[in-house]
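To start, the structure itself, in structure tokens.
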Protein chains: 2
Amino acid sequence: MREDTRTRIQEIALRLFIEQGYEATSLREIAEELGVTKAALYYHFKTKDDIVTSLVDLRVAEMEELLAWAKSRPKTPEMRRELLERYAERLKQPRYLGVTRFLERNQTALRDHPKLRKMRETMLALTREMSEPGDPPAERLSRSLALFTLHAAKRLMDGDLTEDEAGEAAMEVATRLLEP
Amino acid sequence: MREDTRTRIQEIALRLFIEQGYEATSLREIAEELGVTKAALYYHFKTKDDIVTSLVDLRVAEMEELLAWAKSRPKTPEMRRELLERYAERLKQPRYLGVTRFLERNQTALRDHPKLRKMRETMLALTREMSEPGDPPAERLSRSLALFTLHAAKRLMDGDLTEDEAGEAAMEVATRLLEP
DNA sequence: GTCTATAGCCAGATAGAC
DNA sequence: GTCTATCTGGCTATAGAC
């Protein structure tokens with residue numbers, strides 16, 4: 001028994017949005033890969049925008065959960081270390097990683113999308129939970145960069161490392177960025 | 001005596017490409033801001049793509065110069081430190097910084113553009129000059145990240161710091177990423 | 001749930017007058 | 001150098017048959 005059409009649309013759309021960008025990907029392309037016509041997509045999603053919303057929803061929920069957890073904890077080195085691990089854990093889920101990459105690569109194109117705005121705010125709030133307002137700027141930047149490193153690693157080491165090697169190296173560098 | 005039209009087109013286009021993205025910016029918008037019609041733009045640039053090429057040319061040249069310099073030097077800690085400074089120096093020129101941001105935010109949309117391909121290759125080659133192939137992955141990633149930090153700082157510390165503070169913090173973190 | 005057909009819009013680009 | 005006018009074509013989205 002195979003997946004339903006709605007899910008397959010999401011998968012194809014996500015892949016194309018990552019490869020080509022949101023604006024450069026037309027509904028015709030998505031429909032063609034799925035083997036249906038454009039019109040069929042409109043049965044499953046009201047607009048192109050709705051596809052984005054459906055893709056992002058999962059990640060927004062998880063990020064808010066992560067933020068709530070961070071807020072419930074004191075700002076200690078242990079908490080930061082654990083936050084890093086929880087974040088890395090989520091990045092291991094392929095679907096979640098895909099959405100992350102999609103968001104990374106289409107920030108400008110989707111800057112007015114409400115869900116994306118919310119996402120950016122949540123991410124910013126999360127980095128803020130890693131420092132006190134009075135901490136030195138370099139320290140705060142370093143800690144923010146730690147989170148960021150986890151998903152920038154693959155792009156930076158383009159081709160030189162396997163996915164696993166890159167992930168391991170990223171965790172090592174990120175951990176070091178948390179140290180004083 | 002004011003700037004010529006060609007330069008003004010470049011300035012307006014660059015700003016809009018950064019703010020809204022390449023695809024989301026139409027020639028009509030650029031022309032309207034300039035106070036002319038679309039057709040006038042075609043006297044100065046053969047295509048929309050040509051505007052991009054003209055914007056990127058300056059940076060490609062500087063990056064290749066930087067790469068040539070790096071290749072002429074031994075891979076020592078001092079060389080890496082100096083490379084960082086030279087890179088930071090270029091990022092201080094407003095025009096150059098603008099192009100950098102434009103490229104950062106439109107990588108996906110312009111992935112097939114030959115000049116952009118070249119740019120990415122040069123950037124990758126530059127990070128490779130910072131390590132020996134045999135160095136541990138985490139060390140290589142850390143050094144690549146050092147360069148990257150210099151222009152990611154502003155985005156990560158969104159609103160919390162002034163441009164100067166962010167630049168200073170970025171240099172501090174980047175320097176530390178070079179240390180063993 | 002998927003089709004055909006098409007409306008409506010706006011993009012990039014060109015021709016030729018001034 | 002800049003204009004008006006226009007072409008061509010792809011896009012999102014909808015209507016209505018099956």
Side-chain angles (χ1 to χ4, degrees), chain A residues 1-57 102 105-106 108-116, chain B residues 1-57 102-103 105-116:
Chain A
M1 134 135 197
R2 68 210 257 267
E3 301 165 292
D4 59 12
T5 306
R6 192 186 152 88
T7 306
R8 294 182 60 216
I9 293 172
Q10 288 177 320
E11 287 170 353
I12 293 170
L14 182 56
R15 203 188 69 245
L16 293 178
F17 289 164
I18 290 172
E19 285 172 10
Q20 316 180 333
Y22 173 73
E23 309 227 18
T25 303
S26 68
L27 295 180
R28 183 191 49 74
E29 266 181 297
I30 297 172
E32 251 170 34
E33 281 221 23
L34 188 60
V36 297
T37 64
K38 261 192 311 177
L41 301 185
Y42 282 94
Y43 174 82
H44 299 278
F45 295 95
K46 234 173 51 231
T47 63
K48 187 183 180 184
D49 211 278
D50 264 24
I51 302 180
V52 172
T53 302
S54 79
L55 287 172
V56 173
D57 270 343
F102 160 59
R105 297 186 195 187
N106 291 280
T108 310
L110 298 169
R111 78 192 193 295
D112 290 331
H113 196 294
K115 276 265 157 54
L116 278 273
Chain B
M1 142 146 193
R2 67 210 256 266
E3 302 165 292
D4 60 14
T5 306
R6 192 185 152 88
T7 306
R8 293 181 62 216
I9 292 172
Q10 289 177 320
E11 286 170 355
I12 293 169
L14 183 56
R15 203 188 69 244
L16 292 178
F17 290 164
I18 291 172
E19 284 172 10
Q20 317 179 332
Y22 174 72
E23 307 228 20
T25 303
S26 68
L27 296 180
R28 183 192 48 76
E29 265 181 299
I30 297 172
E32 252 170 35
E33 282 221 22
L34 188 60
V36 298
T37 64
K38 258 196 308 180
L41 300 184
Y42 281 94
Y43 173 81
H44 299 279
F45 296 95
K46 233 170 54 227
T47 63
K48 186 182 180 186
D49 210 277
D50 263 25
I51 302 179
V52 172
T53 302
S54 79
L55 287 172
V56 173
D57 270 343
F102 160 58
L103 294 172
R105 299 188 194 185
N106 291 279
Q107 282 202 40
T108 309
L110 298 169
R111 77 192 192 296
D112 290 331
H113 197 295
K115 278 263 157 57
L116 278 273

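For the numbers below, each heavy atom of this structure counts, side chains included, while hydrogens, waters and symmetry mates do not. Lettering follows sequence order; numbering is per chain, from 1.
- If you take NZ on B/Lys48 and CG on B/Leu41, they are separated by 11.5 Å, rounding to the nearest 0.5 Å.
- Heavy-atom distances under 4.0 Å link DNA chain D to no residue of residues 9-21 of chain A.
- Closest non-hydrogen pair, A/Arg105 versus B/Thr108, comes out as CB-OG1, 3.2 Å.
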What string of B, S and - do you get for nucleotides 2-18 of chain C, 5' to 3', if B is base contact, S is sugar-phosphate-only contact and - is no contact with any protein heavy atom under 4.0 Å? BBB------SBBBB---

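- Using cut-offs of 30° and 60° for the angle between ring planes, the B/Tyr22 and B/Phe102 rings count as tilted.
- The distance from atom CZ of A/Phe45 to atom P of D/dT12 is 15 Å, rounded to the nearest whole Å.
- Salt-bridge formation is not detected for the pair A/Glu11/A/Arg15: no Lys NZ or Arg NE/NH1/NH2 atom is positioned less than 4.0 Å from an Asp or Glu carboxylate oxygen.
- The closest donor-acceptor contact from the side chain of B/Arg111 to the backbone of A/Glu19 lies under 3.5 Å.
- If you take OH on A/Tyr42 and OG1 on A/Thr37, they are separated by 11.0 Å, rounding to the nearest 0.5 Å.
- The two atoms that bring B/Ile30 and B/Ala13 nearest to each other are CD1-CB, 3.8 Å, heavy atoms only.
- The shortest non-hydrogen separation linking B/Glu29 to B/Ala24 is OE1-O, 3.5 Å.
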